[in-house]
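Below is one structure, written out as structure tokens; comments come after it.
Every chain is numbered from 1, with letters handed out A, B, ... down the list of sequences.
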Amino acid sequence: MDTPTETTETISSSQQSSRELTKQYNPFEVEDRWVKRWVDEPFTVDAHSDKPAFCIVIPPPNVNGNLHLGHAFDNTIIDTLTRYKRMKGFEALYQPGMDHAGITTQVQVERMLASEGVSRYDLGREGFLKRVWEWKEQYGGIILGQLQRLGASADWSRTRFTMDVGLSQAVRHQFVKLYHEGLAYKGERIVNWDPVSQTTLSDLEVDREERLGKLYTLRYPLADGNTEIRIATVRPETIFADQAVAVHPDDERFRDFVGKQVRIPLTDRFIPIITDEAVEMDFGTGALKITPAHDPTDFDIGERHNLARPSVIDLNAKLTSDLVPTQFQGLDRFTARDVVEAALAEEGTLVTTQDYTVPLGLSQRTKEPVEPILSEQWFVNTDAIAQRVLEGLDTGDITVHPERYGKVNRDWLANLRHWNVSRQLWWGHQIPAWYDPEGNIYVPDMDNPDLDCDDDPRYAHLELTQDPDVFDTWFSSNLWPFSTLGWPNTDDPYFKKFYPTSVLVTGYDIIFFWVARMEMAGYQFTGEKPFSDVLLHGLVLDEQGQKMSKSKGNGVDPLEVIAEFGADALRFAMTYASTGGQDIRWDGRRVEMGRNFNNKLWNAARFAMMYLDDGIDLDANAQLETLPDRWILSRLQRAVADVTDLLDTYDIGAANRRLYDFVWSEFCDWYLEAAKPALREGNTSTKAILGRVFTDILKLLHPLIPFITSELYEAFGFETQLGWATYPEVDDKLINPDAEQHFKNLQDAVTASRNLRTEANIAPNQEIPLVIGGNAKQVIDDNATVLESLARVKLQTEVKGASLSQIVPDLELTLPLEGLIDIDAWQARQQKRLASLQKDIAKSEKKLGNAKFVDNAPAEVVAEEKRRLEESKGLLAGIEASLAQLN
RNA sequence: GGGCGGUUAGCUCAGUGGGAGAGCACUCGCUUCACACGCGAGGGGUCGUUGGUUCAAAUCCAAUACCGCCCACCA
């Protein structure tokens, strides 16, 4: 980009208004300067102010992450709302921070180490963590700079990290409390095991997929040797861990089998036939092999029948157990399946195999098939607190937008299972539980949760070792809305001032991971909701409507977009596209729209400055002398009312579109053009009104596009920065329906004149005579200079010679036929108008002739229909007359 | 198996009961004294399909088709 940039010398505010603005807006120099300013003078908050509080905590990005479009989307919305509220007089806190992202970061650092040929075990726990912290210091926080580049008006002095001392204490406090309330417990359960990263995963971290596999029907011989029972399975390699065969209690087919013993194929072991309601009679053979250690359903059935639960698959997903015959020992689970199948066939216990779609769980991080294994882990009992959240959602204590996601939120909570919070990782909050050699558990007391048990004098006589596991990442981010504000210190002024927070803004894809868990933690630990509203937005998809992902390489890098178009243009594209939680397909044309809009605004400012070379004086005396002035002030009030309303209901996309339309189509296209005659005459009232309206426009737009608006505000000589200015309020006295109607007449006249000019092939810059007739003639006459300027015409009382007429509501315009005109084409077009009018008339007459319509429809609708009919009739007559005149 | 969203102009999308809109693309004309990242004048749609409710349906209801997403322990 070799566009010449302005000089960067410091200019005092009194000179700023005379600063030359480039013809084309160059966002880069401007944005860089404001980024620096907002970092040097962040939008800090005062916890003791009298202003009402407004607070949004950002979804903390991964500490080592890079800004992607999802962040850009989130933070644009967050910043827009925060800036809006700040200007509305709120003490508005944009609370920034980062997440340690346990498994993601650990996998990433391990990968880096692997390239050096080092594993985490080579370094040991302490050495490894040192490396992760080094990595965090080096790369962590890059994303904060990227958020700053986006224009985030955060209070950077309050930046928090989930592994900060204070936030780590919060996590510990949480666990200790849950433990002593009996809600955190250690239990042996079936968990999702990722054999690659060697850790358990919560259900949410497992992606369900369907793979083509086989359904095997096996023969389990009864002890008597004469009969058999057949079972269906997709995992024959797990038969060695079988503890029973189960059938449904009502299943007549197996009535005589229940209680008898069957032999597990390929072994000499016998297991009983039991009954359980969980068995589906219709599926497979109606008989199910029960393997408590390798299947959640089987585990539950095993619990009910007190079955043992031996494992035959180890942490590396290999068959290792005394129960496994030698020839299968050490085989990988998938290899084992084929080998076992062959052996079963040989033994004659394999009845059939058929192709079958097998559900498979994949680790979100490593994409490795997850192995359900039996393991002792820490769980959190969420039963009661989920109910409390459901109540909060039902009573409207928390409101989810759009509403349909409230149902998603609710349904998940209603079917929630206990949360496995322990992870076999090193990067994270190590679990504050200690064990003595006998395996007894020691957890710090509630009144001193930060005291390690191995430092506790009471246990000095014991050999205590701390649990090596760490907590699930979400077991710290669930506290984010209050841990960032000082909790567990409930006397912290920020906690007191800003909690509960106002709105939570995030993508619907983390409702379960994050939103619901914050809701639970909020009620559980603070006794209150963590936020009043949840604003969920959609995902940003690529041009083809596919999810963006690193592996597909179809991602759009927001930083590249900013580098090419500027952050305001990107922000514009993000808010423009946002509607009702819908996914948005990436479309670069929206960024160009933003870029073009910014340029338009920039040039409108340049124009305004030509007449406001002393800056803007908002106190200047201004009379509403001209129709354009009265009109734009009236339209401005409507824009302010609409936009305020839309932002208050979080409809940022509609607010953006409303302002785009107002600024471009009303202010630039009509007002600036219509005001030119008065401005050229030096009308001081019009100048003052131009200044006022433009100032309000900058304020209205500022939350959406903060850079250019701040720059222009400053360029007009305002000393306080725009971010701290007051948002416009509606002034009802300025709403002027008459002015709007009259200006509409003027617009009709201008458009019709231009249309006639085009029809008659008259050069755009050639001034031509025009005669006006009709009901609204007086309005036009009163504003003759405006019409003459906008349409390049000279009003006359009559036209000599051949002429062309155009009929619009309340007006007839006649133009001399000076240029060449394609009469046939003109007539054809008028005929088309006639046909359409005739249709309209017929329709209206039919409607008005319908007694049901006249009786049932609201009076104003009927009146409007009558007015429309009259108007159409008038237009029709006029056009017919002008056509006749031509002939 | 259950739930949700989408289907409107060539493209990307707004619009949720009273005569269909935007941006881009397209046609024609403009170096008009803020802006060619612009200005002006235009062309283009039986609002997926079928049925219903209503004086009135893109909009509400019910089916249906296609596209997409989420949830789920029939092995």
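Contacts of A:W664 with the nucleic acid, taken as non-hydrogen atoms under 4.0 Å apart, involve only primed sugar atoms and P, OP1 or OP2. When heavy atoms are screened at a 4.0 angstrom cut-off, A:Q546 is found touching no nucleic acid atom at all. A:N415 comes within 4.0 angstrom of no nucleic acid atom, judged by non-hydrogen atoms across all strands. At a threshold of 4.0 angstrom between heavy atoms, the contacts of A:R657 are confined to the sugar-phosphate backbone, with no base atom among them. A:K832 comes within 4.0 angstrom of the backbone, heavy atoms only, and of no base.
Minimum atom distance to the side chain of A:D669 is reached by B:rG40, of the listed B:rU12, B:rA34, B:rG40. You'll find that the side chain of A:N755 is closest to B:rA41, out of B:rG6, B:rA41, B:rC55. Listed nucleotides B:rC30, B:rG5, B:rA22 differ in distance to A:Y576; the shortest reach to its side chain belongs to B:rA22. Distances from the side chain of A:R404 to the nucleotides B:rA36, B:rC33, B:rG5 place B:rG5 closest. Distances were taken from every side-chain heavy atom of A:K852 (C-beta onward) to each of B:rA41, B:rC55, B:rG19; the shortest belongs to B:rC55. Closest to the A:R589 side chain, of the nucleotides B:rA41, B:rC37, B:rU12, is B:rU12. Of the candidates B:rG15, B:rG23, B:rU12, B:rG15 carries the atom nearest the A:T579 side chain, counting heavy atoms from C-beta on.
Per the geometry, CG belonging to A:N603 stands 14 Å off C1' belonging to B:rC33, to the nearest Å. Atom CD in A:E592 sits roughly 16 Å away from atom P in B:rC13 (whole-Å rounding). When the P atom of B:rC39 is taken as reference, atom CG of A:N599 falls 10 Å away, rounded to whole Å. When rounded to the nearest whole Å, the span between CG of A:N850 and P of B:rU54 equals 14 Å. Rounded to whole angstrom, the span from the CG atom of A:N765 across to the P atom of B:rU31 amounts to 7 Å. Per the geometry, CZ belonging to A:F597 stands 15 Å off C1' belonging to B:rA34, to the nearest Å. Rounded to whole angstrom, the span from the CG atom of A:D748 across to the C1' atom of B:rA41 amounts to 15 Å. Going from atom CZ of A:R754 over to atom P of B:rA41 covers 5 Å, rounded to whole Å.
Taking atom C1' on both B:rG2 and B:rG17, the two are 32 Å apart, rounded to the nearest angstrom. Atom name C1', nucleotides B:rU31 and B:rC67: the rounded distance is 48 Å, in whole Å. Nucleotides B:rA41 and B:rU32, compared at atom C1', are 15 Å apart to the nearest Å. Look at the C1' atom in both B:rC11 and B:rG45: the space between them is 14 Å, to the nearest Å. Distance noted for atom P between B:rG21 and B:rA9: 14 Å (whole Å). The separation of B:rG51 from B:rC73, taken at their C1' atoms, amounts to 41 Å, rounded to a whole angstrom. Taking the P atoms as reference points, B:rC35 lies 14 Å from B:rG40, given to the whole Å. B:rU12 and B:rC26 have their C1' atoms separated by 16 Å, with the value rounded to a whole Å.
Nucleotide B:rG40: paired with B:rC28 (Watson-Crick or G-U wobble, both distances less than 3.5 Å). The partner of B:rG1, taking Watson-Crick or G-U wobble pairs whose two distances both stay under 3.5 Å, is B:rC71. Under the Watson-Crick or G-U wobble criterion, with both distances below 3.5 Å, B:rC66 is paired with B:rG6. Under the Watson-Crick and G-U wobble criteria, each requiring two contacts below 3.5 Å, nucleotide B:rA57 is left unpaired. A 3.5 Å limit on both hydrogen-bonding distances identifies no Watson-Crick or G-U partner for B:rC35. For B:rC11, the paired base is B:rG23 (Watson-Crick or G-U wobble, both distances below 3.5 Å).
A side-chain donor-acceptor contact under 3.5 Å links A:E205 and A:S202. Under 3.5 Å, the side chains of A:N554 and A:Q546 contain no donor-acceptor pair of N or O atoms.
The closest side-chain heavy-atom distance from A:H537 to A:H401 is not below 4.5 Å. For the pair A:Y220/A:I239, a side-chain contact is recorded, criterion being any heavy-atom separation below 4.5 Å from C-beta on. Side-chain atoms of A:R595 and A:N598, non-hydrogen and from C-beta on, never get closer than 4.5 Å to each other. With contacts defined as side-chain heavy-atom distances shorter than 4.5 Å, the pair A:K289/A:R235 does not qualify.
Between B:rA34 and A:K676, a contact under 4.0 Å exists linking OP1 or OP2 to a side-chain N or O. Taking only side-chain nitrogens and oxygens, A:K23 comes nearer than 4.0 Å to OP1 or OP2 of B:rA36. For B:rC55, one of the phosphate oxygens OP1 or OP2 lies less than 4.0 angstrom from a side-chain nitrogen or oxygen of A:N856.
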Inset, instruction - Mark up nucleotides 70-75 of chain B, 5' to 3', with B wherever a protein heavy atom is under 4.0 angstrom from a base atom, S wherever such an atom reaches only the sugar-phosphate, and - elsewhere. - result: SS-BBB
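In the interface, the side chain of A:T751 is not paired with the base of B:rG40 through any donor and acceptor atom under 3.5 Å apart. In terms of polar N and O atoms assigned as donor or acceptor, the side chain of A:Q582 never comes within less than 3.5 Å of the base of B:rA14 in a complementary pairing.
Taking the nucleotide of RNA chain B with the nearest heavy atom to each of A:R585 and A:P858, the more 5' of the two is matched to A:R585. The residue among A:A608 and A:N596 whose nearest nucleotide of RNA chain B lies closer to the 5′ end is A:A608.
Remark: A:R590 is not positioned above the aromatic ring of A:F572, lacking an NZ or CZ atom under 6.0 angstrom from the ring centre and at most 45 degrees off the axis. Judged by the 6.0 Å and 45° rule, A:K847 forms a cation-pi pair with A:F853.
With A:V793 as the partner, the side chain to side chain contact (heavy atoms under 4.5 Å, CB included) test is satisfied by one option alone out of A:E788, A:Q766, A:E767: A:E788.
Within 6.0 Å of the CD atom in A:Q354, the count of heavy atoms belonging to other residues, nucleotides or ligands exceeds 12.
Note: A:F694 and A:F667 have tilted aromatic rings, judged against thresholds of 30 and 60 degrees for the angle between ring planes.
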